[in-house]
Amino acid sequence: MIRLDGVTKTYPDGTTAVDDLSLVAPKGRITALVGPSGCGKTTTLRMINRMIEPTAGTITVDGQDVASMDAAQLRRGIGYVIQHGGLFPHRTVERNVMTVPLLLGWDRTRARARATELLEMVGLDPAMAKRYPSQLSGGQQQRVGVARALAADPPVMLMDEPFSAVDPVVREQLQDEFLRLQRELGTTIVLVTHDIDEAIKLGDQVAVLRVGGRLAQAADPATLLTHPADPFVADFLGRDRGYRGLGFTHARLPIHPETTTPLGQPVGSVGDRWVLVVDPADRPLGWVERERVAGPVTKDDLALGGTLAPVDGSLRAALDAALSSPSRRGVVVDGDGCVVGTVRAPEVVAAIERTERPDAPDESPAPAGETS
Ligand SMILES: Nc1ncnc2c1ncn2[C@@H]1O[C@H](COP(=O)(O)OP(=O)(O)O)[C@@H](O)[C@H]1O
Ligand SMILES: [Mg+2]
């Protein structure tokens with residue numbers, strides 16, 4: 001756990017970058033610090049690993065005051081990732097990842113083995129190990145940056161806009177993998193971003209800062225979206241707040257059985273206008289219009305499918321699946337991607353109506369959908 005108590009940083013020129021900030025970053029969770037440019041996010045992060053010394057207040061990591069620790073030693077125990085990966089340009093990818101283990105006195109064989117393991121863990125081809133950072137794409141460099149920060153298995157990781165320099169598709173991919181990795185490793189993470197969507201996606205807790213380095217609100221994403229503390233936070237959250245809040249709301253929904261047709265089979269002439277086509281494992285491939293298909297269904301007959309809703313997913317996923325489906329029946333899939341049934345938009349809306357607005361958000365996992 002990282003605790004900031006009344007932390008203030010005033011730079012020598014008189015700029016107060018962080019003002020009386022108190023915040024707890026819980027163990028094994030991701031705390032996202034978010035706010036407009038210049039609100040003191042980077043300053044806050046760098047005070048945690050003592051690259052910047054606070055003017056006032058205390059910071060503890062697992063109960064230990066960082067001011068009383070040796071700064072270099074503290075930093076070796078805390079992973080630090082910055083925009084563009086912050087790699088050493090004159091060192092190979094592998095050597096970059098080996099940096100901290102070598103500083104910690106590991107022998108080269110062990111450090112190299114660890115680097116190989118980590119590069120694989122962050123989804124990089126082993127062939128990249130001998131390349132230099134300039135020979136990698138932005139997304140690949142960012143992965144190396146994460147691998148390097150994880151090298152000595154630090155219990156704490158600080159990340160400063162780690163995904164902002166990559167294009168949106170790669171960013172989404174990196175975010176998903178990062179979340180998986182964090183859940184697996186249980187690292188305590190403080191992540192800085194100016195992107196509220198990223199904060200909401202990645203943060204177990206989101207701390208919104210306003211310029212001047214003052215905390216506007218710290219809450220879990222669902223609470224933030226449904227109960228912003230003030231107009232600044234509401235404004236910063238932006239559009240579709242209510243809809244986005246549904247991304248964190250779970251409720252039981254009626255799941256209707258859906259008759260499916262395997263690819264290569266005829267759809268028959270009786271039944272609903274839209275027919276859901278599946279692969280041999282029962283995974284949805286798309287919808288076809290019954291009248292338009294003569295003979296066995298081929299790939300060319302498929303209309304674009306809607307989004308898929310996981311069976312234990314949010315109301316947002318369920319509603320979107322229904323609204324984006326040509327049949328208006330939202331396809332629900334299980335963990336293997338196989339069709340469970342379909343949901344209807346009015347029934348999702350009815351479920352929303354039944355949901356209490358969370359004053360104290362329910363932490364319990366959502367119940368699996370029931371079959372009607
Ligand atoms: N070394 C410095 N000297 C003076 N002012 C600084 C220094 N570093 C940052 N600042 C100022 O402190 C404020 C917060 O900066 P920073 O922590 O980098 O914000 P953010 O990361 O949220 O964009 C800004 O007004 C910035 O100009
Ligand atoms: Mg910054």
Side-chain angles (χ1 to χ4, degrees), residues 2-25 30-59 61 66-67 71 74-75 78-87 138-139 141-142 145-146 148-149 156-168 171 174-175 178 188-219 221 224 228-238:
I2 302 167
R3 177 190 288 275
L4 284 76
D5 256 317
V7 172
T8 296
K9 175 65 188 183
T10 304
Y11 284 108
D13 68 356
T15 309
T16 295
V18 177
D19 190 5
D20 195 20
L21 179 62
S22 296
L23 185 70
V24 170
I30 302 173
T31 296
L33 281 183
V34 66
S37 173
C39 72
K41 303 181 294 293
T42 296
T43 303
T44 302
L45 209 61
R46 292 162 72 96
M47 286 193 289
I48 297 173
N49 67 5
R50 286 190 59 195
M51 293 169 82
I52 295 175
E53 299 290 347
T55 314
T58 54
I59 299 173
V61 175
V66 295
L74 172 76
R75 263 172 241 147
I78 298 180
Y80 185 47
V81 185
I82 60 171
Q83 212 176 344
H84 304 291
L87 303 176
Q141 289 184 31
Q142 211 58 66
V146 172
R148 187 177 61 175
V156 171
M157 200 143 100
L158 308 176
M159 307 178 83
D160 197 346
E161 313 240 2
F163 308 122
S164 59
V166 289
D167 70 69
R171 187 183 315 150
L174 281 174
Q175 288 170 339
F178 164 72
T188 306
I189 292 177
V190 180
L191 177 138
V192 158
T193 174
H194 62 269
D195 176 355
I196 185 67
D197 290 316
E198 178 165 274
I200 281 172
K201 176 173 178 181
L202 300 181
D204 297 299
Q205 171 183 234
V206 178
V208 184
L209 297 179
R210 60 175 98 239
V211 173
R214 298 192 68 97
L215 184 65
Q217 185 172 12
L224 202 69
D230 59 29
F232 167 77
V233 177
D235 195 46
F236 193 70
L237 284 164

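The basis for the numbers below is simple: all heavy atoms, side chains too, and nothing from hydrogens, waters or symmetry mates. Ligands are counted one by one from 1 in listed order, and the atoms in each one are counted from 1 as well. Remember, it's a predicted structure, so these values are computed and weren't measured experimentally. For this chain, numbers begin at 1 and follow the sequence in order.
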Minimum-distance protein heavy atom relative to atom 9 (C) of ligand 1:
Y11 CE1, 3.4 Å
Among non-hydrogen protein atoms, atom 19 (O) of ligand 1 lies closest to G40 N, 3.2 Å
Return a yes/no value: protein heavy atom under 4.0 Å from atom 2 (C) of ligand 1?
yes
Shortest protein heavy-atom distance from atom 18 (O) of ligand 1, along with the residue and atom involved
T42 CB, 3.8 Å
Which atom pair, heavy atoms only, marks the closest approach of A25 to T188?
O-CG2, 4.0 Å
Taking every non-hydrogen atom, the tightest pair across E161 and H194
OE1-ND1, 2.6 Å
Hey, are D197 and R171 close enough for a salt bridge, meaning a charged N less than 4.0 Å from a carboxylate O?
no
Over all atoms of both residues, closest heavy-atom pair of I59 and P54:
CD1-CG, 4.3 Å
Flag side-chain contact, heavy atom, 4.5 Å: L209 against L21:
yes
Ignoring hydrogens and geometry beyond distance, is a side-chain donor-acceptor pair present between D13 and T15 at under 3.5 Å?
yes
Which atoms of ligand 1 are found less than 4.0 Å from any heavy atom of S37?
23 (O)
Within-cutoff protein neighbour (heavy atom, under 4.0 Å) for atom 12 (O) of ligand 1:
yes
Any side-chain heavy atom of L4 within less than 4.5 Å of one from S22?
no
Just the protein N/O/S atoms under 2.8 Å from the Mg ion (ligand 2), please, no waters.
T42 OG1
If you take all heavy atoms of Q205 and A218, which pair is closest and at what distance?
OE1-CB, 4.1 Å
Using heavy-atom distances, let me know which of T43, D160, V192 sits nearest atom 17 (O) of ligand 1.
T43
Quick one: pull up CG in L45 and CG in L191 and give me the separation to the nearest 0.5 Å.
8.5 Å
Atom 26 (C) of ligand 1 [closest protein heavy-atom partner, distance rounded to 0.1 Å]
T15 CG2, 4.9 Å
What residue and atom, counting heavy atoms only, is the protein's closest point to atom 23 (O) of ligand 1, and at what distance?
G38 N, 2.7 Å
Considering only heavy atoms of A17, which atoms of ligand 1 have at least one such atom less than 4.0 Å away?
12 (O), 13 (C), 14 (C)
For the CD1 atom of I78 and the CD1 atom of I2, what is their distance to the nearest 0.5 Å?
6.5 Å
Would you find more than 12 non-hydrogen atoms of other residues, nucleotides or ligands less than 6.0 Å from R75 atom CZ?
yes
By number and element, which atoms of ligand 1 are closer than 4.0 Å to a non-hydrogen atom of D13?
4 (C), 5 (N)
